Amino acid sequence: MKVLSVNCGSSSLKFQLYEMPEEKALISGVFERIGMKESFYTIKINGEKIKTETDLPNHKVAFEFLIKELKENKIVKSLDEIKGIGHRVVQGGSYFDKTVVVDEDVIAKIDELSSLAPLHNPAAITGIRAAQEVVPNATQTVVFDTAFHQTMEEENYLYAVPYEWYTDYKVRRYGAHGTSHKYVALRANQILGRNNTKLITCHIGNGASISAVKNGECINTSMGLTPNAGLIMGSRCGDIDATIVPYIMEKTKMSPKEVDTALNKKSGLLGISGVSSDSRDVEDGINKGNKRCALAQKMYVRRIIDYIAKYYVELEGCDAIIFTAGVGENSIGTRREVMDGLKVLGVIADPEANNVRGKETLITTKDSKIPCYIIPTDEELMIARDTYLLAK
Ligand code: ADP
């Protein structure tokens, strides 16, 4: 059975087609600058990348090009071969604790939650509508980034603010990157050979979050109401004293939107280093003696260690720590600094094993009390798995 994973951003559409249940990736691609000038798309097939520049006025046109490529590359003969299409949705609120088949009620709920994910949820609906029109016979599903975190207890998802903010405005911790945390936790359990485990999963990319996972279920996570909580990120501040916001608004006369932009786009590694949100540039800066880059990296690593320590206590131990996503899979330095900061918990890094990028690897020594692993994430595959089960 062929299953398509789709990830729509406001101006992009990423996809990957799988043969299931073999989990064989057949073709993937990304459409960029949808609805803008100079739009284009890139297709990856048999290890080869082909770029096409073409007008992409909306997601439906992008979807039509996607189908055209599947046919021209002889991946499918008829659209009926695509039995399932799974869409990534960032915010599922408290409505969804698992992947579901799309119907009008599901779309209405995704739409209702748009105020919590204004860039992402409307884009996902556009993608669903486009897929429904172009491939009407496929089972369409939605896979939520928040679903994995719905197992958290009230005491972990509530904020200590007036309770009405929760009942009236749904202010609570929803988490993010759930599909990734779930994928690496499943894989870690396979590696450890059991399911009754205590894991700390670190998804550290441009956006970043850490989860505490007990027996395969999330019990706590660092992201909050929105994807700007917890860790210090590329350009997001993560946890701060909430009163900074009204204080700065009063001092600078910034509007709520301007402060929000500053906290999401001008903070984090970028804000402190003044150089870049990309950890590679910050590393370069450190190598050139830039003090603010060194300070940014120190703060970044400190926050990761703090969360791991917090979840170690909450889980009452830890069977494995997992590093994944852009920085987690690729930044040798960041991983080493985090592991060195966890010496007190008995973590012993293996510098040789850690000298690797993007490959599943045990990066601690045999004597380490907690093994640490790199496990490359695969959100698209996770979407395909859920969709396959529902379409079957
Ligand atoms: P997103 O949150 O956008 O999905 P990714 O998980 O793709 O982010 O992570 C992107 C980030 O990963 C980059 O901004 C960069 O900081 C980091 N990164 C990628 N490659 C490397 C590398 N070789 N060394 C250090 N950091 C890297």
Side-chain angles (χ1 to χ4, degrees), residues 5-16 28 30 32 42 44 88-91 117 119-120 123-124 143 145-146 175-184 201-211 221-223 226-238 264-288 290 293-294 296-301 303-304 322-339 351 354-361 363 374-383:
S5 286
V6 178
N7 184 351
C8 280
S10 50
S11 65
S12 69
L13 187 162
K14 290 186 201 146
F15 75 94
Q16 185 135 2
S28 65
V30 46
E32 294 182 57
T42 326
K44 204 169 148 197
R88 174 192 181 212
V89 178
V90 163
Q91 182 54 263
L119 293 179
H120 293 97
V143 182
D145 278 11
T146 46
H177 308 125
T179 311
S180 174
H181 286 287
K182 186 175 174 183
Y183 176 84
V184 299
T201 52
C202 310
H203 175 109
I204 308 171
N206 198 14
S209 63
I210 297 194
S211 292
T221 195
S222 63
M223 282 291 204
T226 72
N228 190 3
L231 301 178
I232 293 173
M233 297 171 240
S235 64
R236 294 176 233 168
C237 59
N264 274 290
K265 303 223 161 108
K266 298 179 184 165
S267 300
L269 283 181
L270 172 65
I272 298 296
S273 71
V275 169
S276 171
S277 61
D278 192 307
S279 80
R280 287 165 288 199
D281 298 335
V282 173
E283 270 175 42
D284 281 351
I286 295 169
N287 292 336
K288 288 182 189 137
N290 184 317
C293 283
Q297 176 69 9
K298 227 181 194 172
M299 291 168 66
Y300 185 83
V301 166
R303 188 76 60 86
I304 298 171
I322 319 300
F323 292 95
T324 195
V327 177
E329 291 170 31
N330 296 301
S331 176
I332 295 162
T334 301
R335 284 195 307 260
R336 191 197 54 234
E337 288 163 25
V338 170
M339 288 190 286
N354 184 45
N355 197 13
V356 67
R357 297 187 207 274
K359 203 171 140 234
E360 188 175 294
T361 315
I363 53 175
I374 303 168
I375 300 182
T377 194
D378 196 338
E379 290 158 289
E380 287 74 25
L381 177 60
M382 208 64 209
I383 293 171

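Indexing begins at 1, ligand by ligand and atom by atom, following the structure's order. In this chain, residues are counted from 1 in sequence order. Because the structure is predicted, anything quoted here is derived from the model rather than measured.
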### Query
What atoms of ligand 1 come within less than 4.0 Å of a heavy atom belonging to Val327?
12 (O), 16 (O), 17 (C)
## Note on the structure
Residues Glu380 and Ser5: closest non-hydrogen pair is O-OG, 2.7 Å
## Note on the structure
One finds that the ligand 1 atoms under 4.0 Å from a non-hydrogen atom of Gly326 are 5 (P), 6 (O), 9 (O), 12 (O), 17 (C), 18 (N), 19 (C), 27 (C)
### Gly234 near ligand 1 by a heavy-atom separation under 4.0 Å
no
### Message
If I apply the N/O under 3.5 Å rule, does Asn206 come out as touching ligand 1?
### Response
yes
### Query
Looking only at protein heavy atoms, which one is nearest to atom 15 (C) of ligand 1, and how far off is it?
Asp278 OD1, 3.3 Å
#### Entry: Atom pair NE2 (His177) and OG1 (Thr324), whose distance is rounded to the nearest 0.5 Å
10.5 Å
### Query
Between OG of Ser273 and CG of Asp284, what distance do you get to the nearest 0.5 Å?
11.5 Å
### Task
Using a 4.5 Å cut-off on heavy atoms from C-beta on, say whether the side chain of His181 contacts that of Ser209.
yes
### Message
Tell me whether Ser235 contacts the main-chain N or O of Leu270 through its side chain, where contact means a donor paired with an acceptor under 3.5 Å.
### Response
no
### Message
Within the structure provided, determine whether Arg88 and Val143 are in side-chain contact (heavy-atom separation under 4.5 Å).
### Response
no
#### Entry: Min N/O separation Glu283 to ligand 1 under 3.5 Å
no
### Query
Can you name the nearest heavy-atom pair linking Arg236 to Asn264, along with the distance?
CG-O, 3.3 Å
### Query
Looking at CD1 of Ile374 and CZ of Arg357, how far apart are the two atoms once the value is rounded to the nearest 0.5 Å?
10.0 Å
### Task
Check ligand 1 against Gly207 and write out every atom of the ligand that is under 4.0 Å from a heavy-atom position of the residue.
2 (O)
### Query
Under 4.0 Å from atom 12 (O) of ligand 1, do we find at least one protein heavy atom?
yes
### Task
Considering only non-hydrogen protein atoms, determine which one is nearest to atom 24 (N) of ligand 1 and report residue, atom name and distance to 0.1 Å.
Arg280 CG, 3.5 Å
### Message
List ligand 1 atoms under 4.0 Å from Ser331, heavy atoms only on the residue side.
### Response
25 (C)
### Query
What atoms of ligand 1 come closer than 4.0 angstrom to any heavy atom of Ser279?
15 (C), 16 (O), 17 (C), 25 (C), 26 (N), 27 (C)
### Query
Nearest protein heavy atom to atom 22 (C) of ligand 1, by residue and atom, and its distance?
Asn330 CB, 3.4 Å
